[in-house]
S.K.: 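The following block contains the structure, expressed as structure tokens.
Note that the structure is a prediction, hence the values are computed from the model and not measured.
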Amino acid sequence: MLQVNYIRENREQVLERLAVKNFKQPELVDQIIQLDEDRRQTQNLLDSVLAEANSTAKQIGDLMRQGKKDEAEAVKAKSSSFKDQTKTLGDKLTAIETLLQVELILLPNLPHQTVPKGSTPEENEVVLEHGIMPKLFANALPHWELAAKYDIIDFELGNKIAGAGFPVYKGKGAKLQRALINFFLDEAEKAGYREMQPPIVVNEASGFGTGQLPDKEGQMYHIGMDNLYLIPTAEVPLTNLYRDVVVKEEELPIKNCGYTPCFRREAGSYGAHVRGLNRLHQFDKVEIVQIAHPEKSYKILEEMSTYVQSLLQALELPYRVLSLCGGDMSFTSAKTYDMEVWCAAQARWLEVSSVSNFETYQSNRLKLRYKGKEGKAQLAHTLNGSALALPRIVASLLENNQTEKGIRIPKVLVPYTKFECIE
RNA sequence: GGAGAGAUGCCUGAGUGGCCGAAAGGAACAGUUUGCUAAACUGUCGUACUGGCAACGGUACCGAGGGUUCGAAUCCCUCUCUCUCCGCCA
């Protein structure tokens with residue numbers, strides 16, 4: 001959520017930045033500025049009535065204590081009129097504030113100056129490509145066929161017990177999952193992230209804090225009986241750990257990571273491009289999250305991108321880094337890098353990580369601030385990234401590393417899998 | 001699931017209708033002093049909105065939301081959460 005004061009003082013710039021994100025309702029900006037104006041006016045009025053009511057009440061109290069009952073009664077008669085006024089003004093103020101909040105929530109984050117213009121994925125900017133795309137032998141298979149051939153991932157079985165998009169990992173397939181999770185967590189720890197194990201259900205306040213609610217509730221599984229949401233990403237609990245928190249400036253940056261399963265309804269997705277592991281309702285992911293000083297957050301974004309790339313390099317996967325254009329970026333992000341790995345048998349790039357700086361967009365909702373020795377508490381910047389999401393990593397490992405004898409496990413993973421090949 | 005207790009500032013904790021934005025102690029910060037790794041003394045010490053160039057004001061907030069009252073941390077209602085005991089249980 002953007003800050004009203006910022007919008008008021010930087011109207012032109014806000015409009016210009018929103019245009020980069022292809023925001024369709026720029027008129028909201030002026031509406032918000034007007035509502036804010038109304039809000040302050042109404043509050044001033046209300047405050048002055050309340051001030052008068054307070055001093056009158058005090059007066060009555062003093063008179064009562066002095067035993068001047070008649071005088072007190074006289075003043076009492078006068079003070080009862082304040083009630084209607086404060087009620088009316090209070091209701092008006094609440095109505096304005098509610099509307100202001102509703103409209104503020106409709107504004108997406110402002111893209112950073114370096115974010116490329118554009119509205120479609122094709123307009124994302126390729127920052128770099130790394131690695132060599134493997135040349136596969138003649139009868140090379142896509143990963144869903146490899147999964148069946150080696151009996152390591154069972155989509156049918158998942159269908160039976162849960163539904164499409166909930167695969168069952170079997171034998172070496174399961175071990176590969178576990179190996180990847182442990183490898184990612186160990187690497188994150190080496191990079192200075194503290195491992196956390198958060199709940200995988202969250203309440204409404206948490207969903208609001210990171211921006212999933214109110215507008216994206218259709219994307220999350222909801223447990224109606226207890227009004228809890230299954231997390232779509234560990235970003236939600238890991239970032240919400242700092243909701244309503246003021247951290248010490250010297251503690252920044254705070255670096256946390258965590259492994260969780262992630263749940264996404266993915267309503268409306270179907271077809272060949274979501275086959276196999278390409279898109280699932282439940283998947284595993286290790287997430288990295290940082291709470292940063294505003295002056296350092298863009299440097300940290302680059303570091304996080306470099307870190308994620310180091311994982312892909314270690315896994316020997318060919319990848320590219322995209323700087324997302326304004327229109328393709330998420331609602332809440334100020335700048336996002338996507339990492340995509342090459343899936344040789346499908347001959348396509350698959351997104352395996354998304355690293356974003358949210359600046360103060362989330363922290364404003366979360367009321368996440370930092371405070372130095374001097375001065376007031378300021379909103380911190382939040383960043384997060386996948387490091388990494390498993391299914392598409394598995395898909396590309398299977399496809400890229402397939403040989404006529406079996407699937408080769410990358411060297412760094414062998415200590416974790418305890419096997420070198422899936423035959 | 002049943003019964004009970006509770007929620008106050010960074011922490012402990014007092015406050016049961018006006019003198020309470022809130023005692024006291026601790027912590028923290030600044031200073032003084034003695035000197036030695038600590039103590040004593042003094043001062044400062046909540047947040048948000050808002051008016052003002054500023055000095056300095058106004059308003060709201062004692063878990064959340066309503067209500068009673070001229071006036072609520074304090075009384076009433078609803079909700080949320082925490083703790084204790086019982087039950088169930090990985």
S.K.: CG/Leu398(A) to CD1/Ile409(A) distance, rounded to the nearest 0.5 angstrom?
M.R.: 8.0 Å
S.K.: Looking at Lys299(A) and Glu303(A), does any basic side-chain N land under 4.0 Å from a carboxylate oxygen?
M.R.: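 Salt bridge flag = yes for Glu303(A) with Lys299(A).
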S.K.: Applying side-chain contact (heavy atoms from CB on, under 4.5 Å), name anything that partners Asn364(A), two or more places apart in sequence or on another chain.
M.R.: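 Asn364(A): side-chain contact (heavy atoms from CB on, under 4.5 Å) contacts with Met1(A), Gln3(A), Leu379(A).
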S.K.: Under the side-chain contact (heavy atoms from CB on, under 4.5 Å) test, which residues partner Ala387(A), sequence neighbours left out?
M.R.: Ile288(A), Tyr307(A), Val308(A), Leu311(A)
S.K.: Stems in RNA chain B: runs of 3 or more consecutive Watson-Crick or G-U pairs, distances under 3.5 Å?
M.R.: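 B:1-7 with B:80-86, B:10-12 with B:24-26, B:28-32 with B:40-44, B:46-51 with B:56-61, B:63-67 with B:75-79 - these are the stems of 3 or more pairs that involve RNA chain B.
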S.K.: Between Asn5(A) and Leu50(A), which has a closest nucleotide on RNA chain B that is more 5'?
M.R.: Asn5(A)
S.K.: Among pairs that include at least one residue of residues 412-422 of chain A, which meet side chain to side chain donor-acceptor pair (under 3.5 Å), considering only residues two or more places apart or in two chains?
M.R.: Asp186(A)-Tyr416(A)
S.K.: Work out how far the C1' atom of rA22(B) is from that of rG17(B), and round it to whole angstrom.
M.R.: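 Nearest-Å result for rA22(B) against rG17(B) at atom C1': 15 Å.
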S.K.: Nearest whole Å is fine: how far is rG18(B) C1' from Gln59(A) CD?
M.R.: 13 Å
S.K.: What's the verdict on ring pair (Phe, Tyr, Trp, His ring centres under 6.0 Å) for Tyr298(A) and His112(A), showing C-alpha distance, side-chain angles and the deciding distance?
M.R.: CA-CA 10 Å; Tyr298(A) 278 95; His112(A) 188 249; 3.9 Å; yes
S.K.: Send over the distance from Gln378(A) CD to rA48(B) C1', rounded to a whole Å.
M.R.: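 Answer to the nearest Å: 14 Å.
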S.K.: List for me each residue that meets side-chain contact (heavy atoms from CB on, under 4.5 Å) alongside Ser354(A), sequence neighbours excluded, and say none if there are none.
M.R.: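 Ser354(A) satisfies side-chain contact (heavy atoms from CB on, under 4.5 Å) with Thr336(A), Asp338(A), Glu351(A), Ser356(A), Ser386(A) once adjacent residues are dropped.
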S.K.: With sequence neighbours left out, what residues match Lys83(A) under side-chain contact (heavy atoms from CB on, under 4.5 Å)?
M.R.: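 Partners of Lys83(A) by the side-chain contact (heavy atoms from CB on, under 4.5 Å) criterion come out as none, since no residue qualifies.
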S.K.: Using atom P in both nucleotides, what's the gap between rU44(B) and rA54(B) to the nearest angstrom?
M.R.: 24 Å
S.K.: Quickly work out the Leu228(A) CG to rU80(B) P distance and round it to whole Å.
M.R.: 13 Å
S.K.: Roughly how many Å apart are rU12(B) and rA23(B), using the C1' atom of each and rounding to a whole number?
M.R.: 13 Å
S.K.: Nearest whole angstrom, please: distance from the P of rA48(B) to the NZ of Lys371(A).
M.R.: 9 Å
S.K.: Rounding to an integer number of angstrom, what distance separates rC81(B) and rU8(B) when you compare their C1' atoms?
M.R.: 16 Å
S.K.: Go through the steps for Gln13(A) and Tyr6(A) under the test side-chain hydrogen bond (donor to acceptor under 3.5 Å, both in side chains), then give the verdict.
M.R.: CA-CA 10 Å; Gln13(A) 200 202 339; Tyr6(A) 182 87; 3.1 Å; yes
S.K.: Between the protein and nucleotides 67-71 of chain B, are there any N/O to N/O pairs under 3.5 Å, and if so, what are the atom names and distances?
M.R.:
residue	atom	partner	partner atom	Å
rC70(B)	O4'	Ser79(A)	OG	3.3
rC70(B)	O2'	Ser79(A)	OG	3.3

S.K.: Taking atom P of rU80(B) as reference, at what distance in whole Å does atom CD of Glu204(A) sit?
M.R.: 13 Å
S.K.: Roughly how far apart, to the nearest Å, are rG66(B) and rG9(B) at atom C1'?
M.R.: 25 Å
S.K.: When you match Asp36(A) and Asp47(A) each to their closest nucleotide on RNA chain B, which lands nearer the 5' end?
M.R.: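 Nearest-nucleotide comparison on RNA chain B picks Asp36(A).
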S.K.: Nearest-Å distance, CD (Gln43(A)) to C1' (rG58(B))?
M.R.: 10 Å
S.K.: In this structure, how many angstroms lie between the P atom of rG58(B) and the CG atom of Leu93(A), rounded?
M.R.: 19 Å
S.K.: What side chain to side chain donor-acceptor pair (under 3.5 Å) pairs are there with at least one residue in residues 236-253 of chain A, not counting sequence neighbours?
M.R.: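 Sorted pair list: Ser206(A)-Arg243(A), Thr210(A)-Asn240(A), Asn240(A)-Arg243(A), Tyr242(A)-Asn256(A), Glu249(A)-His293(A).
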S.K.: Would you mind telling me which of rA48(B), rU59(B), rG51(B) lies closest to the side-chain atoms of Asn44(A)?
M.R.: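 Closest nucleotide among those given: rG51(B).
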S.K.: Roughly how many Å apart are rA73(B) and rG35(B), using the C1' atom of each and rounding to a whole number?
M.R.: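 Going atom to atom, C1' in each nucleotide, I get 46 Å.
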S.K.: Given rU50(B), is OP1 or OP2 found less than 4.0 Å from the side-chain N or O atoms of Arg39(A)?
M.R.: yes
S.K.: Roughly how many Å apart are rA48(B) and rC10(B), using the P atom of each and rounding to a whole number?
M.R.: 11 Å
S.K.: In whole angstroms, how far is the P atom of rU50(B) from the CD atom of Glu37(A)?
M.R.: 11 Å
S.K.: Output every pair passing side chain to side chain donor-acceptor pair (under 3.5 Å) with a member in residues 158-175 of chain A, not counting sequence neighbours, ordered by first then second residue.
M.R.: Asp151(A)-Lys170(A), Asp154(A)-Lys170(A)
S.K.: Establish, with yes or no, whether the OP1 or OP2 oxygen of rU59(B) is under 4.0 angstrom from a side-chain nitrogen or oxygen of Arg40(A).
M.R.: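 The answer is no; no side-chain N or O of Arg40(A) sits under 4.0 Å from OP1 or OP2.
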S.K.: Rounded to whole angstrom, note down the C1' distance from rG87(B) over to rG1(B).
M.R.: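 It works out to 7 Å between them.
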